There are 2 protein chains.
Amino acid sequence: MKKVSITIKEIARQLDISKSTVSRALRDSSEISEETKKKVIALAEELNYYPNPIAISLLKNRTQTIGVIVPDIANRFYSSAIGGVEDIAYSRGYHTMIYQSHELLERERSASRHIASRRVDGLVVAISSQSENIEHFVSLQEQGIPVVFFDRVSDAMQTHKVRVDDYKGAFDATEHLIKRGCRRIAHIAGPKPVSITRFRLEGYKDALRKYDIKFQEEWVLHSEITQAGGTERTYQLMALRERPDAIFGASDRITMGIHSALRQLGYRMPDDVAVVGFCDLAMSSLLDPPVSSITQPSFEMGQQATSLLLDLIESKNTPAEYETRVLPSNLVINKSSMK
Amino acid sequence: MKKVSITIKEIARQLDISKSTVSRALRDSSEISEETKKKVIALAEELNYYPNPIAISLLKNRTQTIGVIVPDIANRFYSSAIGGVEDIAYSRGYHTMIYQSHELLERERSASRHIASRRVDGLVVAISSQSENIEHFVSLQEQGIPVVFFDRVSDAMQTHKVRVDDYKGAFDATEHLIKRGCRRIAHIAGPKPVSITRFRLEGYKDALRKYDIKFQEEWVLHSEITQAGGTERTYQLMALRERPDAIFGASDRITMGIHSALRQLGYRMPDDVAVVGFCDLAMSSLLDPPVSSITQPSFEMGQQATSLLLDLIESKNTPAEYETRVLPSNLVINKSSMK
DNA sequence: CTGAAAGCGCTTACAG
DNA sequence: CTGAAAGCGCTTACAG
């Protein structure tokens, strides 16, 4: 199949003027007579002319396109964040290309290569849980393609970062469980290399400390960010000689696993075990019982990361200082922890 | 920030040969001496040279990129279908741009315009439920940008279509309920304009007919494809003087609404009301009780639609005949309908 | 106010 | 085997 697009040259031919004049008239240049402008614009509309963005990209070495890499678009947290990215990008005249890493370093690298070769103007990324090495992002930055991190950030690179206050979210969740009378509070954490895992773990520990509750090594387990992971770790926790009376889950997938494992094992929430997770609200309220969760402003994170990125793209030089924004999370209490 | 990319010209300068020779050597042309090729390739690697795809696009009037428009990427059905699209696209050397219509005609039009102006090579789309008018897709096709429909198709346009056997899926679900002893089977259908709504409704009706069960107008309600829609319509059904003893839901969102409404109203599934839905399995098994569902091969639909699209893109002329592929669906029985 | 020319990075007939 | 030239669709100094 062949595409025929009408060009500036064709308009020039039909009007018997030069391409330069057409180009200027279309961009409403002050040095073209009103009369010529009108003729050109009228014909352009009639012919349904659209400038070829590819030619412009070649000229400006800019594509007006940004990339987003997230672990998984099916995850509500990320699809909502992408909504925020698109929101800002479109309003500032950029298009968005979405990539999924599926938590795989190799996929992330391949997306980065694609971004570099496609001359994408910049990248917003939530790092894959498998990526301890982030050389591929450093390399993009060195090539002049700015990178902004959101949600999953890394200390290994200087750039803008937008994340949620994971520490405080975890602290609040743990404190809430303590106030509800729980004393044996377990935590199923995410994979170790991920930044948010550390922050959340710290929040959990500090809340215990504040109330003089002893931290027990065996009550903290690391898990993949999957439902199956949450289920397996819950089996392990409930098999302990001294069982926890509460479990705090580090992600929504993990929390779903906790929930289904507890039901399957015959425990009642919150009476036997109270549960709080970092969760998507729509999801958690469907479960029985509905799960208390720390909600995160995902849409807003996408927006802020993108607006920082576009500022980087549009400024001539590297900023004096990179910014790390920490957005507040919010604890929503549901039946699973209402003792 | 400024991007500096190394070009063919630079390689030519350093090697003191012409750009033409460099270009040919890089594409491994047979008319270049082995020696020259080696030199060129070695230097290209050293300099980390990548051809500028934008220049090539301008030359070939091809972008090696396809678009996908789906109502909502957060919906598992679509995110999985996108997985299938990406799978085929990448393996055939294409990149994928993802757009969401959010079930809005205006958003779908704007995505189509973007696709046209960006010279995307082709489009795979599941039509928004709001789009009775699909002129924007016809217009793309007329501009030489092939369009393939999947899941939500339309008769208003001649092209390849890939859909699931909605008729049979609905028939099977209804028949299953009948065999379980249900006689007052309600159906919460999707929005009227959507093609799949009709197919599913027909399957439902025909199954009733086969078992000589009278079709009752008031037991079929149309709903938006949202959880809230399913909930509202369930209220309406259960408020009827003669209550249904089974509800068949036309989509996963609707089915979640049915499920939560029934629980909230105090009905037991399946004893009071049996439930079957067109559902995502991972989702439906989290509910209590787990919901029986007609599952659809979403990944495969994405794959097949994309491979048909790429064939269109790569063939010189319009095919003699357009194809409509109908993939089988599968009924998975869970507790919600096990009477 | 308008046009001819150069150039963005590449490919490819046409010569030699 | 290699090079000079034209061209993809556009913009923009430079002339006039």
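Because the structure is predicted, anything quoted here is derived from the model rather than measured.
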Practice task
Taking A/S23 for its side chain and A/K19 for its backbone only, find out whether a donor-acceptor pair lies under 3.5 Å.
Solution key: no
| request: Tell me, with the steps shown, if A/H95 and B/Y99 meet ring pair (Phe, Tyr, Trp, His ring centres under 6.0 Å). | output: CA-CA 10 Å; A/H95 186 63; B/Y99 300 79; 4.9 Å; yes
Discussion item. Roughly how many Å apart are C/dA4 and D/dG7, using the P atom of each and rounding to a whole number?
Written reply: 15 Å
Here the helical stems involving DNA chain D, each at least 3 consecutive Watson-Crick or G-U pairs closer than 3.5 Å, sorted by first residue number, are C:1-3 with D:14-16, C:5-12 with D:5-12, C:14-16 with D:1-3
If you look at every strand shown and take non-hydrogen atoms under 4.0 Å, does A/S57 touch a base, only sugar-phosphate, or nothing?
-> nothing
Separation of C/dA5 atom P from A/K19 atom NZ, nearest Å, is 11 Å
From CD of A/Q64 across to C1' of D/dC10 the rounded distance in Å is 15 Å
**Prompt:** Is the phosphate of C/dT2, meaning OP1 or OP2, less than 4.0 Å from a side-chain N or O of A/T36?
**Reply:** yes
_Whether A/S18 contacts C/dG3 is assessed here as follows: a side-chain N or O lying under 4.0 Å from the phosphate OP1 or OP2. Is that the case?_
yes
Checklist line | Ion pair B/R152/B/E103, N-O distance below 4.0 Å | finding: yes
### Query
Between C/dT2 and A/S33, is there an OP1 or OP2 to side-chain N/O distance shorter than 4.0 Å?
yes
Does A/S20 reach a base, just sugar-phosphate, or nothing at all? Heavy atoms under 4.0 Å. base
Taking every heavy atom of A/T65 against every heavy atom of A/Y94, the minimum-distance pair comes out as N-CD2, 3.9 Å
(request) Using only heavy-atom distances, decide whether a donor-acceptor pair under 3.5 angstrom links the side-chain of B/R119 to the base of D/dG9. (result) no
Which is true for A/I17 with a 4.0 Å heavy-atom rule: it touches a base, it touches only sugar-phosphate, or it touches nothing?
sugar-phosphate
